[in-house]
Structure formats: C-alpha cells, structure tokens
Amino acid sequence: MEGLCCSLVVSLFSDQGGRKYMEVVTQIMLELKPKEEKEDIAAGATSGAALGSSPLPPLPSVAFFAMCDGHGGQEAAHFAHENLWPFSKKQKGFCSAELATGCVALHKGFLRCLWLCHVRYRDFFPLR
C-alpha cells in the first residue's frame, strides 16, 4: 500500500431558522493513524503479541459524521454528540471489510446511545 494517499474535504452548514433554540448538534470526527502505526499493523507487530495474547487491532483511519437533531431535547442531542462515536467504534465488527457487518455495528452503537440517553433523561426523553 505504499504511496496510498487520501484527501478529504468536508464542509458543514447549520441553520437555526426562526426557532428560539438550536437543538441540532453536528459532529465530524477524524481519527487518522500515523503511517508508522499502519505499517506496524500490516507487519503483525501489535502490542501484546509478544506475550502470546491476541489483542484487538487498533482502528484504521476512519471518519465519522453525525447530526444529532434534538427531537428528544437539547440534552439528548448533546448526549448523543458526546457518546455516539465512542459507543459505535467499540462494537464488534465496526471496522469489518464487510459493509453489512459494519452497518450492524454502527446500528448497535446507536441503540446503546439511545438507551443510555433514555436512562439518563427519562423524564425528558421517553421511549415510545
């Protein structure tokens, strides 16, 4: 994969319109791994390999985009903004080469975030 290059240009627009409060929270996460780290992974030099264990490999470079629209209120939107990405990337199969497996993992992360938001803001964010 020598010489592999990637360019990413992203823009974001948000408009409050005539509403009194802005409940939409947007998020762009870029987690880029240094070139050396990618080479180490390709060579099989992951941490803990010398001890005979089989640790999970680090995530590859990844971009995550989210719009948390706040239908459950501003608190719910901010909770999703803070927790959706961490919950999603921890799901088994998140970095799978199979699109369907990655989508299932993302969906599970979303459901985990939704459930914990409901638990925290039960009075403001009822599940129907």
Side-chain angles (χ1 to χ4, degrees):
M1 285 196 203
E2 191 172 289
L4 184 63
C5 180
C6 179
S7 178
L8 180 67
V9 177
V10 177
S11 63
L12 174 72
F13 174 76
S14 182
D15 184 74
Q16 183 173 332
R19 294 182 305 267
K20 202 173 196 179
Y21 301 102
M22 180 63 150
E23 294 182 345
V24 174
V25 180
T26 54
Q27 181 174 24
I28 299 172
M29 296 293 297
L30 297 175
E31 288 192 4
L32 305 176
K33 299 296 179 189
K35 186 175 181 181
E36 306 81 47
E37 207 171 302
K38 287 180 186 174
E39 290 172 356
D40 288 346
I41 293 168
T46 57
S47 63
L51 302 174
S53 63
S54 56
L56 291 174
L59 287 175
S61 295
V62 65
F64 178 80
F65 304 88
M67 181 191 77
C68 310
D69 65 14
H71 283 284
Q74 191 172 12
E75 295 85 3
H78 285 280
F79 183 86
H81 178 266
E82 293 170 14
N83 295 289
L84 184 57
W85 171 237
F87 290 155
S88 295
K89 70 180 180 178
K90 289 179 185 175
Q91 299 301 313
K92 180 180 177 183
F94 180 77
C95 288
S96 173
E98 295 292 323
L99 181 60
T101 304
C103 287
V104 167
L106 187 61
H107 186 235
K108 286 180 180 179
F110 171 80
L111 292 176
R112 174 96 173 126
C113 186
L114 177 67
W115 174 251
L116 290 175
C117 184
H118 166 68
V119 169
R120 179 176 280 183
Y121 301 109
R122 190 175 309 262
D123 296 336
F124 304 106
F125 188 62
L127 290 178
R128 295 174 204 173

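No experiment lies behind these values; they were computed from the predicted model shown.
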Inset, instruction - Going by the side-chain contact (heavy atoms from CB on, under 4.5 Å) test, name the single residue among Q74, M67, H78, E82 that passes it with V25. - result: H78

Legend entry - Closest contact, heavy atoms only, V24 versus D69: CG2-O, 3.9 Å

Legend entry - Over all atoms of both residues, closest heavy-atom pair of A80 and C113: CA-SG, 3.7 Å

Legend entry - For Q27, side-chain contact (heavy atoms from CB on, under 4.5 Å) partners two or more places apart: M29, F64, A66, H81, W85

Without placing hydrogens or testing angles, list every side-chain donor-acceptor pair under 3.5 Å for residues 91-99, not counting sequence neighbours.
{"from": "Q91", "atom 1": "NE2", "to": "F87", "atom 2": "O", "distance (Å)": "3.1"}
{"from": "S96", "atom 1": "OG", "to": "E98", "atom 2": "N", "distance (Å)": "3.0"}

Inset, instruction - Test W115 against L111 for side-chain contact (heavy atoms from CB on, under 4.5 Å), laying out the working first. - result: CA-CA 6 Å; W115 174 251; L111 292 176; over 6 Å; no

Inset, instruction - Taking the side chain as every heavy atom from C-beta outward, state whether R112 and K90 have any atom pair closer than 4.5 Å. - result: no

Legend entry - Common cluster, L84/L114, ILVMFWY with side-chain heavy-atom separation under 4.5 Å: yes

Inset, instruction - First locate atom CZ of F110, then atom CG of N83, and finally report the distance between them rounded to the nearest 0.5 Å. - result: 13.0 Å

Inset, instruction - Give, for atom OG of S88 and atom NE2 of H107, the distance between the pair rounded to the nearest 0.5 Å. - result: 10.5 Å

